[in-house]
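A short worksheet on the structure shown next.
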Amino acid sequence: MAVYTDVNEGELTAFLKAYPVGELLSYKGIAEGTENSNFLVHASTGSYILTLYEKRVDKADLPFFLGLMGHLARKGISCPLPVTAHDGTVIGTLAGRPAVIITFLEGLSLRRPTAAHCAEVGKALAGLHLAGQDFQMRRPNALAIDGWRKLWAASRERADEVEPGLAAEVDADFSDFERNWPTGLPQGIIHADLFPDNVFFLGEKLSGLIDFYFACDDLYAYDVATCLNAWCFEKDFSFNLTKGAALLSGYQSVRPLSGEEKAALPMLARGSALRFMLTRLYDWLTIPDGGLVMKRDPTEYIRRMRFHRAIKSPSEYGLT
Ligand SMILES: Nc1ncnc2c1ncn2[C@@H]1O[C@H](COP(=O)(O)OP(=O)(O)OP(=O)(O)O)[C@@H](O)[C@H]1O
Ligand SMILES: N[C@@H](CCO)C(=O)O
């Protein structure tokens, strides 16, 4: 349950006076999410999400994340728009935490996306990449190879408790990535965490993208690879070729991939699977059971790493 910090009515009413949202009508904590405390706020001008940033988000990154959401929303991407306070600022303080109000998006995230949903996600991801091209702020990816190495150094000793042989397997991957990680591919702003819980749909139509708190500068094709991992595998860890083909053709209908980007997909998908395996493994080993932070299963991503290692041609993802 992601309400780490309680907010009482008096302090919320006082906080909201700084923003053009009208009178507070009601509010409640939101259980989903793991990084921050989120509340659904009904005010006289409409519904909003109140986010209090907890310690897993670096405060120095907030202007980038919020600036990016504002930029994308103004360019027509369906994502939350941070509400600017009467004094021109966006980030306030509530219950001792940095806090913002963002617009509420209608829609539901999906547990069982279909190929049609995957096509929509591909299109939206490419639209986001194009819309980010003239965003002026930069943020290096904290979870690129150097970041993975730090997580691995903190987890390696106990990795075999989760899966026997994992330490040797990941060590070999690191040497491979050091030699073969693609360079020189097109890059720019990426979402970096576009999982089904961060995409809303109304029926088959995509209605919103949320949670930009991993967004950064990196390879566009790496973001595509992350979506293949997050959207196109079934519960039994098999890759669904129809979903892969739908996601990739949706993406390419808006931003065609170059030959180099296509060729790099297996390596990028392996790297992306390792990145999510490592953050999950680190949490698995370090966060106490029964706490507020929901731990996700790292083994789901060990299976994906193995799948990508065995890929001989990017056409196996459904590329045409
Ligand atoms: N703009 C929005 N409109 C509607 N609902 C939202 C919006 N932003 C967040 N939510 C709701 O709040 C939940 C948590 O949001 P979010 O995913 O940003 O949190 P988080 O703590 O950063 O979580 P995580 O990074 O683990 O996904 C979402 O699952 C969604 O239900
Ligand atoms: N999408 C991540 C969680 C962080 O947002 C995962 O599934 O591991």
Side-chain angles (χ1 to χ4, degrees), residues 1-5 21 27-43 46-58 61-62 65-66 68-70 72-73 77-83 97-111 113 121 141-143 147-148 151 155 190-202 206-216 223 225-233 235 272-284 287 291-305:
M1 148 110 182
V3 178
Y4 304 101
T5 305
V21 296
Y27 72 104
K28 62 174 187 202
I30 297 177
E32 288 90 357
T34 49
E35 304 287 329
N36 303 305
S37 297
N38 290 296
F39 297 83
L40 174 58
V41 172
H42 294 294
S47 300
Y48 300 88
I49 297 287
L50 164 72
T51 301
L52 273 60
Y53 297 98
E54 304 291 346
K55 50 182 181 306
R56 282 160 67 105
V57 172
D58 185 346
D61 285 331
L62 290 179
F65 298 139
L66 296 160
L68 177 61
M69 281 188 241
L72 295 174
I77 302 293
S78 182
C79 69
L81 178 67
V83 179
R97 305 276 187 283
V100 299
I101 290 280
I102 60 175
T103 53
F104 180 86
L105 300 178
E106 299 290 346
L108 295 171
S109 55
L110 302 170
R111 282 186 190 281
V121 169
N141 190 353
L143 287 174
W148 305 347
L151 289 167
S155 317
I190 67 164
H191 183 285
D193 191 28
L194 200 61
F195 277 56
D197 55 347
N198 291 330
V199 181
F200 294 162
F201 285 88
L202 288 168
L206 190 150
S207 61
L209 309 175
I210 63 163
D211 200 354
F212 286 78
Y213 302 113
F214 287 104
C216 58
D223 224 9
T226 293
C227 284
L228 288 173
N229 278 323
W231 290 86
C232 303
F233 283 83
K235 297 270 179 276
S272 165
L274 177 67
R275 171 259 183 265
F276 287 99
M277 194 286 286
L278 286 171
T279 43
R280 288 173 172 213
L281 178 68
Y282 179 80
D283 285 354
W284 197 262
I287 293 173
L292 286 176
V293 178
M294 190 182 78
K295 303 207 276 187
R296 295 176 164 92
D297 184 1
T299 61
E300 292 177 5
Y301 276 77
I302 301 172
R303 302 287 168 274
R304 285 165 173 72
M305 286 158 49

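These values consider heavy atoms only, across backbone and side chains, with no hydrogens, waters or symmetry-generated copies. Start at 1 and go down the list; that is how both ligands and their atoms are numbered.
The closest side-chain donor-acceptor pair between Asn229 and Ser272 falls under 3.5 angstrom. Checked by atom type, the side-chain pair Arg275/Thr279 shows a donor-acceptor distance below 3.5 Å.
Taken to the nearest 0.5 Å, the CG atom of Leu281 stands 9.0 Å off from the CG atom of Leu151.
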Could you go through ligand 1 and note, for every N or O atom, any protein N or O atom closer than 3.5 angstrom, writing the atom names and distance to 0.1 Å, or 'none'?
unit_1: ligand 1; atom_1: 1 (N); unit_2: Thr103; atom_2: O; d: 3.0
unit_1: ligand 1; atom_1: 3 (N); unit_2: Leu105; atom_2: N; d: 2.8
unit_1: ligand 1; atom_1: 17 (O); unit_2: Asp211; atom_2: OD2; d: 3.2
unit_1: ligand 1; atom_1: 19 (O); unit_2: Asn38; atom_2: ND2; d: 3.3
unit_1: ligand 1; atom_1: 21 (O); unit_2: Thr34; atom_2: N; d: 3.3
unit_1: ligand 1; atom_1: 21 (O); unit_2: Glu35; atom_2: N; d: 2.9
unit_1: ligand 1; atom_1: 21 (O); unit_2: Asn36; atom_2: N; d: 3.0
unit_1: ligand 1; atom_1: 22 (O); unit_2: Asp211; atom_2: OD1; d: 3.4
unit_1: ligand 1; atom_1: 23 (O); unit_2: Thr34; atom_2: N; d: 3.1
unit_1: ligand 1; atom_1: 25 (O); unit_2: Asp211; atom_2: OD2; d: 2.7
unit_1: ligand 1; atom_1: 26 (O); unit_2: Thr34; atom_2: N; d: 3.0
unit_1: ligand 1; atom_1: 26 (O); unit_2: Thr34; atom_2: OG1; d: 2.5
unit_1: ligand 1; atom_1: 27 (O); unit_2: Asp211; atom_2: OD2; d: 2.7

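Using modelled atom types, no side-chain atom of Arg304 and backbone atom of Ala273 make a donor-acceptor pair closer than 3.5 Å.
Around the CZ atom of Phe195, the shell of radius 6.0 Å holds more than 12 heavy atoms that belong to other residues, nucleotides or ligands.
For the pair Ala99 and Leu50, the tightest heavy-atom approach, listed with the atom from each and the gap, is CB-CD1, 4.3 Å. Smallest separation of non-hydrogen atoms from Phe39 and Tyr27: CD2-CD1, 4.1 Å.
Under the side chain to side chain contact (heavy atoms under 4.5 Å, CB included) rule, Ile210 has a single partner from Leu194, Asp193, Leu105, which is Leu105.
Protein residues having a heavy atom under 4.0 Å from any atom of ligand 2 are Asp193, Phe195, Phe214, Phe276, Arg280, Arg296, listed by chain and number.
Between Trp231 and Phe201, the ring-plane angle classifies as perpendicular under the 30° and 60° cut-offs.
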